[in-house]
Amino acid sequence: MRVAVAGASGYVGGEVLRLALGHPEVEIGAVTAGESAGTTLGAHQPHLPTLADRTIAETTPEQLAGHDVVFLALPHGRSAELAAQLGRADGTTDTLVVDCGADHRLTDPAAWQRWYGGEHAGAWPYGLPELPGARERLRNSRRIAVPGCYPTASTLAAFPAVAAGLVEPDVGIVAFSGTSGAGKAAKAHLLGSEVMGSATAYGVGGGHRHTPEIVQNLATVSPEPVRVSFTPVLAPMPRGILAVASAPLADDGVTEEQAREVYAKAYDAEPFVHLLPAGVQPQTKSVVGSNSVQIQVVVDPDAGRLVVTAVIDNLTKGTAGGAFQSVNLALGLDETLGLPTTGVSP
């Protein structure tokens, strides 16, 4: 498949290209960007030496046309208009368009208006294959909405318990993210001198745009309305997410062994999700560069709560890896093709 990447100079674009180089069915076509157009890819992605001499083209429909797959690694609000010019959204076009931004994740126009503003561009099949029913919607699709990185980790931590009725549908999530999750643009609060040795919560009190996406995901598996309190934390690391999800047990008599059985059943056949042995807590460093998810399940008997910890690499499983996982499904390929399951250490 001939692949184009729009937004190739950013962190997500670079991760898409890294994975594309390791995918046996991929030929890399156009690499495009906005302000970086006219420069070489090596100036922005020095870790991709085989592509270093490529000149970045301007992101236009003409540059992206004629590819089998187009990845849109663009800020929210920019993907929808461009995607509309790449073929029909009813699936009758041969081009598979993959939106790594937020434009097509939310199904509720009112939620989009509240959290992002502007006209809702419509929802596309959601690229989290582990979520019940998602694989069926992704197969043969020609449009994919890649989940946000926080919703990926948070949903995988919480949904088995919500789906099984193990907990009340009132979930609290605190998630720590590396600075690459904020993108590559220069921002004062992301300077090394500001980040190193410090952790900062933001979007506190229901103020983060990923909250409705997490609610939307958990609502698909819950017979009752779902409430989510989500607190993101900027951590002094370049990449990775650690999400801690907690909810009241539906039955105080539930044991940790029973809770672990629920998660073992949910993820037993999943190639990228790993339930760790009891007593072993996930670490972000264990999944860096991989499409893997590591999860631990604990019952706090005194508080009557379930506590689940999940770690992912925000750029791999959280974005580009999840995107390729979904592309493989859409094109009838092995879901795991070209995706690393092992991290790097230290």
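Quick caveat, the model's predicted, so the values are computed rather than measured.
- Crowding of Glu119 atom CD: a count of heavy atoms from other residues, nucleotides or ligands under 6.0 Å not exceeding 12.
- Across Ala201 and Val204, no two heavy atoms sit closer than the pair CB-CG2, 3.8 Å.
- With His104 as reference, Trp124 is the one residue of Tyr126, Tyr116, Trp124 to meet the ring pair (Phe, Tyr, Trp, His ring centres under 6.0 Å) rule.
- With salt bridges taken as basic N to acidic carboxylate O contacts below 4.0 Å, one links Asp313 and Arg239.
- Residues passing the ring-ring contact (aromatic ring centres under 6.0 Å, His included) test with Phe71 are Phe324, sequence neighbours excluded.
- The aromatic rings of Trp112 and His120 are tilted relative to each other, their planes meeting at an angle between 30° and 60°.
- The closest donor-acceptor contact from the side chain of Arg18 to the backbone of Gly289 lies under 3.5 Å.
- Every residue was checked against the salt bridge (charged side-chain N to carboxylate O under 4.0 Å, His left out) condition with Arg260, not counting sequence neighbours, and none meets it.
- Remark: Ser222 OG to Glu168 CD distance equals 10.0 Å, nearest 0.5 Å.
- Between the side chain of Thr59 and the backbone N or O of Ala33 there is at least one donor-acceptor pair closer than 3.5 Å.
- Legend: residues meeting salt bridge (charged side-chain N to carboxylate O under 4.0 Å, His left out) with Glu130, ordered by chain and number and at least two apart, are Lys317.
- Here Arg135 pairs with Glu270, Glu335 under the side-chain hydrogen bond (donor to acceptor under 3.5 Å, both in side chains) rule; sequence neighbours left out.
- Between Gly304 and Asp252, the shortest heavy-atom distance links the atoms CA-OD1, 4.2 Å.
- Asn328 is linked by a side-chain hydrogen bond (donor to acceptor under 3.5 Å, both in side chains) to His23, counting only residues two or more places apart in sequence or in another chain.
- When all heavy atoms of Ala235 and Val195 are compared, the pair lying nearest together is O-CG1, 4.1 Å.
- Shown here are the side-chain hydrogen bond (donor to acceptor under 3.5 Å, both in side chains) partners of Gln281, two or more places apart in sequence or in another chain: Thr309.
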Can you give me every donor-acceptor pair (side chain of residues 46-54, partner residue at least two apart or in another chain, under 3.5 Å) with its distance?
residue	atom	partner	partner atom	Å
Arg54	NH1	Gly29	O	2.8
Arg54	NH2	Ile28	O	2.9

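- Summarising the local packing, CZ of Arg305 is surrounded by more than 12 heavy atoms from other residues, nucleotides or ligands at distances under 6.0 Å.
- Taking both residues in full, the closest heavy atoms of Cys100 and Ala323 are given as SG-CB, 4.5 Å, listed atom of the first, atom of the second, then distance.
- Under the 4.5 Å side-chain heavy-atom criterion for ILVMFWY residues, no single connected hydrophobic cluster contains both Leu106 and Phe230.
- For Asp103 (side chain) and Ser79 (main-chain N/O), a donor-acceptor pair under 3.5 Å exists by modelled atom type.
- The hydrophobic cluster of Met196 has no other members, since no ILVMFWY side-chain heavy atom comes under 4.5 Å of it.
- Partners of His67 by ring-ring contact (aromatic ring centres under 6.0 Å, His included), not counting sequence neighbours: none found.
- Pairing each heavy atom of Gln63 with each of Glu58, the nearest pair is CG-O, 3.3 Å.
- Hydrophobic clustering, defined by side-chain heavy atoms of Ile, Leu, Val, Met, Phe, Trp and Tyr closer than 4.5 Å, groups Val311 together with Val174, Phe176, Val233, Leu242, Val244, Val287, Val307.
- Heavy-atom contacts from other residues, nucleotides or ligands closer than 6.0 Å to CZ of Arg227 number 12 or fewer.
- With hydrogens and angles left out, the side-chain atoms of Ser177 and Asn314 include no donor and acceptor closer than 3.5 Å.
- Contacts of Glu213 classified as salt bridge (charged side-chain N to carboxylate O under 4.0 Å, His left out), with partners at least two apart in sequence or in another chain: Arg105.
- The two residues Pro301 and Val299 come nearest to each other via the heavy atoms CD-O, 3.1 Å.
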Identify every side-chain donor-acceptor pair in residues 271-280 under 3.5 Å, counting partners at least two apart or on other chains, and give the distances.
none

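- No continuous path of ILVMFWY side-chain contacts below 4.5 Å connects Val344 to Val293, so the two sit in separate hydrophobic clusters.
- Residues Val298 and Leu306 are members of separate hydrophobic clusters, defined by side-chain heavy-atom contacts under 4.5 angstrom among Ile, Leu, Val, Met, Phe, Trp and Tyr.
- Hydrophobic clustering places Val297 together with Val221 (ILVMFWY residues linked when any side-chain heavy atoms are closer than 4.5 Å, directly or through intermediates).
- Below 30°, between 30° and 60°, or above 60°: for Tyr150 and Tyr202 the angle between ring planes is between 30° and 60°, a tilted geometry.
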